[in-house]
Amino acid sequence: MSTNTEVAQIFYAMADLLDLQGERFKPDAYRRAARSVESLGEDLRKVAQRGGLDQIPGVGEQLREKILEYIRTGRISAYEKLRATFPPGVLELMAIPGIGPKTTGRFYTELHLDSPAALAQAIDQGRLNGLAGFGPKKIENLREALRAVAAAPPSSRIPLLAAWRLARSILQELSRRTPVDALEIAGSVRRCRENCGDLDLLATSARPPETIAVFAGLAGVRKVVMQGDTRATVIHDPGIQIDLRVVEPVSFGAAWQYFTGSKDHNIHLRTLARDAGLKINEYGVFRGEKRVAGATEADVYDAMDMQWMYPEIRENQGEIELAQQKKIPSLIQIEQIRGDLHRHIPDAPDRSWMKDLVTEARRWKFQYLGLVEAPGGSAASHRSRIQEIRRLWNEAQPEGLRLHLGWEVVLGKMMDPPDPESLFDYIISVPDKKGSAISPKPPTSPLLRRPLFVGHLSLGAPGAEVPREAAGPWIDWAQTNGVALELTAAGAEEGLDAGGARWAHEAGVVLVLSAGAGALSEIELTVCRARRGWVPPDGVLNSRADAVGATAPKVSKPKRPPRVGRTERRGPAAGERTDP
DNA sequence: GCCGTTTTCGGCCCGACTGTTTTCAGTCG
Ligand SMILES: Nc1nc2c(ncn2[C@H]2C[C@H](O)[C@@H](COP(=O)(O)OP(=O)(O)OP(=O)(O)O)O2)c(=O)[nH]1
Ligand SMILES: [Mg+2]
Ligand SMILES: [Mg+2]
């Protein structure tokens, strides 16, 4: 875990404990700070070093000191104290869906229940019967919630691709069986978070109750958690929560804005509205009783004198202020990616491999493909393999596609002559892992060769979260040396994440977007990651038709020192969709 | 605990659904 995640986890736990103590606003303050720290691109230690902790939304004097204490000592004494006031099991109790701080507190003080197991036993013994406010239905619901939590860990999130797949099938089925006008994805799936807690869907319908009934009755629905006139929540195979919200067309934009979030983005927006004498909810923007906007998202933001913005950046990380200044940046789009520059050539390249590759490249309307050889190897062997690659390439008849050949070179390693470099169009530098699988450090010696970019950063263990402190040295090094960095989709190796991408390009580091170790189609996920990192088209080397062959990427002048809050950039490019 | 072109004190987003209540608290999105 990175420092950021560790601090966030502690703040979340403190919020729950403060909630149990009956505190009114502190718990939300702690949770807000936790969310901010969690989604921050930059390593907390670095932020602390330059005295920027106060800039983090929701972090003031007290929480800043607690973060500093954690960085210094690895613990937060206020947390240790707070934690000692309750048995550890009560937080598990509060984590059960439907059981909040009030219920947990009463169970603990009135019945001395300090864990899910204790609650289960108390229910079986009938000790909840007669407890004020606990009728038979509530007790049955508790029983079921305990069963469900015991059966499946509630915290697992689903990958974006799986969420998209599920969403497509649900939307198709719904629109086939009920008269909906609009049907859209919302929530974290629309914001393209890499892992989503649930699926949030929005519909406008001439007959909302019917639409909701059809939704609740879909074939894959395991359990209807709740069902009203405007919304329903179900658990769908294989155990994924789906929320459907239904509104009238006149409120569609406001509802989409609300349901897309993020929560902190919504709260910020609604607070600004209130300060301006307006009210925003999922039905519209209101001045008194009068609805002044609501049909489209753009109308809602416009009513606040703000620019519409892409869902991917609605994380309360400075986008609200930029929208007010009409300076929302343009973001890289998949259509602007001209090719993948990091496809490895297999040990035995054959016709079907090449055919699939070319087909996929056409699907994404690429102009080139960069096929890459692994480090080492003799000039003679590379020469014969390249000959074979060219033969297969021509055989595949890749009209409209150019072939570029790349070679990976380990940073700082010398080669015996004859050097194969002249056989290739470009060099990809890869870190010297020196035996350890993760977190290599950037070289301290001068660059022996000029790479097109640095790839295979491997900052974290496969599938694991990347420690922020691992990305920092590489971003600094890339900035100093004017070298581009690769950005890939999550996969076997973890390089830069969205936060790291934002940090990098705001430091003026050019990025190369590639699919990574998986299928070429995962380039789509890489683009999502870049967009969540606020990366504009001109921050991406392979958005250029001449990425290879032109001079090595220059470092653009740093936009500003990386920090939370303002940036300076242009609005969306002409022709870019504004309300997709 | 945070925060400020209306505030350094006094606010803190706003609403749906459920179960239990004779008017609403708790939980969740
Ligand atoms: N105004 C407001 N909107 C909220 C609140 N909680 C959730 N929302 C909105 C914004 C969220 O993106 C949207 C869906 O809620 P979810 O709990 O599913 O969150 P989200 O999809 O963002 O993240 P997830 O991956 O599901 O954990 O509902 C809230 O407390 N206030
Ligand atoms: Mg969600
Ligand atoms: Mg949801």
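Letters A, B, ... are given to chains in the order of the sequence lines, protein chains preceding strands, and every chain is numbered from 1.
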Identify whether any heavy atom of [X] sits under 4.0 Å from a base atom; if not, whether one sits that close to sugar-phosphate; answer base, sugar-phosphate or nothing.
X	value
D28(A)	nothing
E65(A)	nothing
R24(A)	nothing

Considering only atom [atom1], compute the distance from [N] to [M] and round it to an integer number of Å.
N	M	atom1	value
dT6(B)	dG1(B)	P	28 Å
dT8(B)	dC14(B)	C1'	27 Å
dC13(B)	dT5(B)	P	16 Å
dT27(B)	dT20(B)	C1'	14 Å

Side chain of [X]: nearest nucleotide among [options]?
X	options	answer
T230(A)	dC13(B), dC17(B), dG1(B)	dC17(B)
R274(A)	dC13(B), dC14(B), dG1(B)	dC14(B)
Y283(A)	dG29(B), dG15(B), dT27(B)	dG15(B)
E282(A)	dG29(B), dG15(B), dG1(B)	dG15(B)
P136(A)	dT27(B), dT20(B), dC13(B)	dT20(B)
F259(A)	dC14(B), dG1(B), dG29(B)	dG29(B)
M226(A)	dC13(B), dT18(B), dT20(B)	dT18(B)
K137(A)	dC14(B), dC3(B), dT20(B)	dT20(B)
F25(A)	dG1(B), dG15(B), dT27(B)	dG1(B)
R270(A)	dC2(B), dT6(B), dC14(B)	dC14(B)

For the ring pair Y30(A) and Y12(A), is the centre-to-centre distance below 6.0 Å?
->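 Ring centroids of Y30(A) and Y12(A) are no less than 6.0 Å from each other.
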Expressed in angstrom and rounded to an integer, what is the separation of [X] atom [atom1] from [N] atom [atom2]?
X	N	atom1	atom2	value
F134(A)	dA25(B)	CZ	C1'	11 Å
H265(A)	dC14(B)	NE2	P	15 Å
N141(A)	dT27(B)	CG	C1'	12 Å

Short N-O contact, D19(A) and R31(A), less than 4.0 angstrom |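 Looking at D19(A) and R31(A), the cut-off is met.
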Checking salt bridge (charged side-chain N to carboxylate O under 4.0 Å, His left out) against R190(A), which of E312(A), E184(A), E297(A) comes through?
->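 Of E312(A), E184(A), E297(A), salt bridge (charged side-chain N to carboxylate O under 4.0 Å, His left out) with R190(A) is met by E297(A) alone.
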Which residue pairs satisfy the side-chain hydrogen bond (donor to acceptor under 3.5 Å, both in side chains) criterion with at least one member in residues 231-242 of chain A, sequence neighbours excluded?
->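 Qualifying pairs, neighbours excluded: R222(A)-D237(A), T233(A)-D243(A), Q241(A)-D243(A).
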Do Y70(A) and E6(A) have side-chain atoms, one donor and one acceptor, less than 3.5 Å apart?
->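 Yes.
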What is the base-pairing partner of dC3(B), counting Watson-Crick and G-U wobble geometry with both distances under 3.5 Å?
->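 With both distances under 3.5 Å, dC3(B) matches dG10(B).
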